[in-house]
Amino acid sequence: MEGEPDHEIVDQNLCVKTTEEEPNKSFSLEASLSKFSYIDLDKELEFKNDLIDDKEFDIPQVDTPPTLESILNETDDEDESFVLEDPTLLNIDTIDSHSYDTSSVASSDSGDRTNLKRKKKLPDSFSLHGSVMRHSLLKGISAQIVSAADKVDAGLPTAIAVSSLIAVGTSHGLALIFDQNQALRLCLGSTSVGGQYGAISALSINNDCSRLLCGFAKGQITMWDLASGKLLRSITDAHPPGTAILHIKFTDDPTLAICNDSGGSVFELTFKRVMGVRTCESRCLFSGSKGEVCCIEPLHSKPELKDHPITQFSLLAMASLTKMDPSSVPLLAWHFVAVSNYVNPMLAFCRGDVVHFLLVKRDESGAIHVTKQKHLHLYYDLINFTWINSRTVVLLDSVEKLHVIDRQTQEELETVEISEVQLVYNSSHFKSLATGGNVSQALALVGEKACYQSISSYGGQIFYLGTKSVYVMMLRSWRERVDHLLKQDCLTEALALAWSFHEGKAKAVVGLSGDASKRKAVVADRMVEILFHYADRALKKCPDQGKIQVMEQHFQDMVPVIVDYCLLLQRKDLLFSQMYDKLSENSVAKGVFLECLEPYILSDKLVGITPQVMKDLIVHFQDKKLMENVEALIVHMDITSLDIQQVVLMCWENRLYDAMIYVYNRGMNEFISPMEKLFRVIAPPLNAGKTLTDEQVVMGNKLLVYISCCLAGRAYPLGDIPEDLVPLVKNQVFEFLIRLHSTEASPEEEIYPYVRTLLHFDTREFLNVLALTFEDFKNDKQAVEYQQRIVDILLKVMVENSDFTPSQVGCLFTFLARQLAKPDNTLFVNRTLFDQVLEFLCSPDDDSRHSERQQVLLELLQAGGIVQFEENRLIRMAEKAEFSSPAPSAEIFRHVFADPRFSSLSTWFLLSFYYREEVFNYIHNILSIPGHSAEEKQSVWQKAMDHIEELVSLKPCKAAELVAIHFSGEIETVIRKLQNQVLLFKFLRSLLDPREGIHVNQESLQISPCITEQFIELLCQFKPNQVIETLQVLECYRLEETIQITQKYQLHEVTAYLLEKKGDIHGAFLIMLERLQGKLQEITHHSENTKEDPSLKDVEDTVVETIALCQRNSHNLNQQQREALWFPLLEAMMAPQKLASSTTPYLHSEALKSLTMQVLNSMAAFIALPSILQRILQDPVYGKGKLGEIQGLILGMLDTFNYEQTLLETTTSLLNQDLHWSLCNLRASVTKGLNPKQDYCSICLQQYKRRQEMADEIIVFSCGHLYHSFCLQNKECTVEIEGQIRWTCYKCNSSNKVGKLSENSSEIKKGRITPSQVKMSPSYHQSKGDPPAKKAASEPVLDPQQIQAFDQLCHLYRGSSRLALLTELSQNRSSDSYRPFSGSQSGPAFNSIFQNENFQLQLIPPPVTED
């Protein structure tokens, strides 16, 4: 075939040509689906010339060829799970009957440790799956390879191909052919031919094993007849000369082959025979100029699949190096797999550490579809991929470790180290050293790890060609895998692996039938054999000497394994016969065996035990005094495995009552006898009035639970009573409980002993049992009779007997009240009995159990018993008993409020007596929740309004919330009803003060100011100390009226607060000043003998409050108004010091001086220092030579001034240095050169040096991207700003559509490139018609990049900018009076940064800006 096909023809021949890009790694797969003529193999060879035509070999056109992107973007999951293939397709023939097992060691950390692709390591697979692969050396072939190299100078092995024969190519051009017995059948070629053609670089055997194709390092191809050893063809012109043959592959068509050379091209070879002359025609399928192909793989179909629709095509997969990471070896492998019950070919293609699986299908129309399946991510780089069957693949990583992977679950089954093979690599052929090394750098780099021709698979076996040997690996059968673990003395692992075979959960299974029942039977037999071996080993390896604990620990590690697998295999016969007999030979082993049964019995996994084992089990636990364990075991055992007489006797002797009840119930269907036995234990001490022991209390509780279970139809302690016995058991238990006398009654026995005993034991719990039983009763005649009868007996026993406490009697009537309150009640109880109970509970003669009686009465009323009493009698008895207010109850209120017989007076009496909070919830629910009638709501509303004072006295906050929600329009009426001023104050406080927690919107109340002012007046009376903090949260009040109220009660601080809020600052100040002067006069005239004066603290508090008032308002006052505040305050503080005599200083002179200094320091922020000094010196007292008295004050002011001046100068210096440093960094970053990331344009991908347009400018962005200006203009990446053209980065803009222009165009440099230098041009592009820009004669102006950078620098800091700080500092320093905190500037409009109360000076290190 002359030349290469043009571009159009190649595109038609490519059915799949796609590219996928990833970060730093890309891959190109080209799979040609060539339609070759399907030829019946039964036809004679001479007829093929008439059938074959060149047009038959054209690749069919595909309308829309799938791309790799479309394949890879599909979902990862497979359509349906894989099904097992026919096991006959997985049969493996043993090649070497004399091979030895290498027993490879499994490892979980295969791969290059220096370049792991995953941090997550796989678990140790050896313990899970055992040894999956058998690793064998073909000794015969290996020895003859070495011999041929020595005797006939065959050279080193270079390639291997396997079919029913094994072909090994050598470096001196020979092909050695071996049969299945490793005998050398043929030696094809000669060393002379090898000297001419070079080494054999590729081999291929056709399907019927009749032809061998040899590819050579110098590009020649030969075809040999494997039957006769004759040379059939020698092909020298199939591909361009000077390139080595990397791959040569037969297809399923014996007349068609594919070859791949070191130029990256792929050729189709057609073999013909015309007039007895053998010829070969070549056609290029893919040219290396479009991307070098380094791996090809045609699809081979098995003979069993010859009728498969896909066999009408010859599918060829090709992997090229286009845009791929050269360090990764591309790999391809086909295999037929079963998906969705259909067998179709699947292609695995690998790159680096990722394996992709593509499923190829042909539909009914004949179109071929490619579907992506789940891909496999690894933590190592691959150099070979081989299918061993449809579910198992074998991978070889770059450090020569084999990894056996289950494809569906992606689980690693085994790792094998094969460095001993000394694998042959095809590096010299990929580098084409035999023809001068004229290959690309990428292909040569791939060749460093290429071993395509050194590994061959056939029939489920993989052959590895080493420099001096040939190894074969195959899957072990399931028996071999188990036996391999047994040889290594890993019996536990062998049992676990065998169990996985039994359950069908094992991976890479060979040798088991597909039928589940047959598989389980075969594996179970083998597991039984292993268990016997395991038991023998446990007994044999038991330490003969030493502590008993050591022997117990040994068997505790071994025996549970035997028990586990016997139960899993459902072989209890084996467990309790042969295994038990074997382990019984050792007493320690027998004891451990019996103890191991306990958890299985308790979890109901082991129900039936042979009587002998059960007997031994009980004896063993008895000897160890573990009777509680025996009881727990018995109640879980099958009753048929128990000796009932023995067990009952043992239970009664050891007080195992649960087990005794279980045996009676299950073994004899007897439910009453256990009750009688338990009653005999607890009744005598109860009748005698003795205190029960702990054991007797436990028995009594068991009796109650047992009775409850029987009456509820449940078995005790576990399970349920058979349905046919439930009615009978209930009747028997009731008849037993209500017996008039016991079976062995004495003459002194009281009637109904069983009921009486249970009531004495625990009245409440017994009645709860009856209540639960009554709930389950159906309303039939017999059930009603039983209920009424048991109630009558309860009343007769308890009411007519004085042995019961008030609490017990109350429990009974509470129980009765609940039953009577039910809507379907059928019980009748004489009402006189309730009156007797009330009389008993409210008896004033008995002071004992007073609180208990009260609590019982409350519970009785809660349960609905209130309707059983007469109203007046109930109130009278409660008053008579002098009961205190107990805990609240909603039920009482519900019955009282709902009963029309109760008057409002008694209602509220009971409410206040028994009830607190729930009354408010009840009223709220009635008035707000729908479903109640209007009459009911009106009645409740009216009752609540009539008794609002009682509600407020109960809980003011709840009452206020209720009024705010439901009586918001009647607030004034409620206030008039509240005559008690204290109650009114509590109510208004809860209503108006939001701090009280009332959950009501204050705005919706619309309360008039007069109500708020009334609350403020009450607050002034009862809580004067809380007026100010309350006024701060109140809203609706009038200032003038409130001021009058506070003046009325002489609350000066509150009045000052209100005047300040009104805006009368001077008035507020005068009040505070007057109060301060009064306090000062008090301490001035105080006795000097008093050591502690409590009024000094008041002076300090008043001074602080006055200073705070002046400071809060000085910002909004002019200079004259400020002086009117501060100077009177100063004079007031200095007045006592003027009056003091120098010879008799009074007690608080030092404290007043300190307070005076505090006033001076505070006013210095608002009044100029000269003004303060002038005012002091103008004082007639100090103007006559008494400066010594104020010397301390003046010196303190000067010290403060000097300190502030020093602090300000230091701060200014730091700010100047900070600004200088920031501007230096800004200048350095603006003038810093840009370093492009690449030397080519990011749009046209051409190097900027190769462009012919020398006048074109190069644009470099701060992000590192580089462009030609023409390319940017074509992409419309220019924006005009203020008459200048600005550039934007194309890549950054396209990746971030919402990015700002300033972010994309900052720090741009442009250059004009010449061969010798780079000439920088201005940072903006000037159009041709514009004149050059003129220099600005005024002060320099920052360009946009500098302005943006400066703004970013300023935003790094919070608060005022440094420029503003320095500007004001410079203005202040240039003025005559340098005082940044001075208030000398007149007028309220002056606002300095330093006068801002939110100003904070942040002395922090300068931020580190990014380059």
Side-chain angles (χ1 to χ4, degrees), residues 127-128 130 478-479 481-503 505-506 519-544 546 548-621 623-624 626 629 633 636-638 641:
S127 61
L128 298 176
W478 72 275
R479 286 185 181 273
R481 289 167 64 179
V482 174
D483 293 341
H484 181 74
L485 289 172
L486 293 176
K487 289 178 183 178
Q488 297 187 351
D489 206 22
C490 300
L491 274 71
T492 306
E493 290 80 0
L495 285 169
L497 180 61
W499 179 250
S500 67
F501 290 131
H502 183 276
E503 294 299 297
K505 296 179 180 179
R519 179 189 74 233
K520 291 186 175 183
V522 172
V523 177
D525 292 341
R526 181 59 178 148
M527 290 185 69
V528 171
E529 297 174 7
I530 299 174
L531 286 172
F532 278 116
H533 177 57
Y534 191 83
D536 293 336
R537 178 174 175 270
L539 294 171
K540 183 178 180 181
K541 290 197 173 185
C542 176
D544 296 333
I548 190 69
Q549 291 84 355
V550 177
M551 299 177 65
E552 288 181 349
Q553 185 61 47
H554 169 76
F555 287 111
Q556 285 171 2
D557 295 337
M558 305 287 286
V559 174
V561 177
I562 299 174
V563 178
D564 274 334
Y565 285 107
C566 285
L567 293 178
L568 287 173
L569 293 171
Q570 298 179 359
R571 292 295 303 273
K572 289 193 293 183
D573 58 331
L574 175 67
L575 179 65
F576 296 128
S577 58
Q578 292 164 286
M579 286 295 175
Y580 182 61
D581 294 342
K582 188 180 291 290
L583 294 174
S584 297
E585 297 173 3
N586 187 300
S587 60
V588 178
K590 179 180 179 181
V592 172
F593 176 85
L594 295 173
E595 292 173 7
C596 287
L597 300 179
E598 182 181 5
Y600 299 97
I601 297 174
L602 295 181
S603 59
D604 295 328
K605 294 180 180 178
L606 183 58
V607 179
I609 298 180
T610 60
Q612 181 61 41
V613 176
M614 189 64 198
K615 181 178 180 180
D616 293 344
L617 179 67
I618 294 175
V619 171
H620 174 74
F621 277 93
D623 293 342
K624 286 204 166 189
L626 299 173
N629 301 60
L633 293 174
H636 284 83
M637 289 302 302
D638 184 3
S641 64

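As a basis for the values below, the full set of heavy atoms in this structure was taken, side chains included, without hydrogen atoms, waters or symmetry mates. All values reported here derive from a predicted model rather than from experimental measurement.
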Q. Can you list the steps and then say if M551 with N586 is a side-chain contact (heavy atoms from CB on, under 4.5 Å)?
A. CA-CA 10 Å; M551 299 177 65; N586 187 300; 4.2 Å; yes
Q: Using a 4.5 Å cut-off on heavy atoms from C-beta on, say whether the side chain of R537 contacts that of M558.
A: yes
Q) Between F501 and K520, is a side-chain contact (heavy atoms from CB on, under 4.5 Å) present by the stated rule, with each step listed? A) CA-CA 8 Å; F501 290 131; K520 291 186 175 183; over 6 Å; no
Q: Mark yes or no for whether H554, through its side chain, and A538, through its backbone, hold a donor-acceptor pair below 3.5 Å.
A: yes
Q) Can you check whether M527 reaches V482 side chain to side chain, under 4.5 Å on heavy atoms? A) no
Q) Could R481 and D483 be called an ion pair, given the rule that one side-chain N must be under 4.0 Å from one carboxylate O? A) no
Q) Parallel, tilted or perpendicular: which fits the ring planes of Y565 and W499, with parallel below 30° and perpendicular above 60°? A) perpendicular
(Q) The test is side-chain contact (heavy atoms from CB on, under 4.5 Å); show your working for L597 and V613 and say whether it passes. (A) CA-CA 10 Å; L597 300 179; V613 176; 4.1 Å; yes
**Q.** Reported CD1-to-CG distance for the pair I618 and L626, which is rounded to 0.5 angstrom
**A.** 13.0 Å
Q.
I'd like to know whether NZ of K582 has more than 12 heavy-atom contacts from other residues, nucleotides or ligands below 6.0 angstrom.
A. yes
Q) With no hydrogens and no angle check, do the side chains of H533 and E529 hold a donor and an acceptor under 3.5 Å apart? A) no
Q. Is the closest side-chain heavy-atom distance between L594 and Y580 below 4.5 Å?
A. yes
Q. Does the side chain of D616 come within less than 4.5 Å of K590's, by heavy atoms?
A. yes
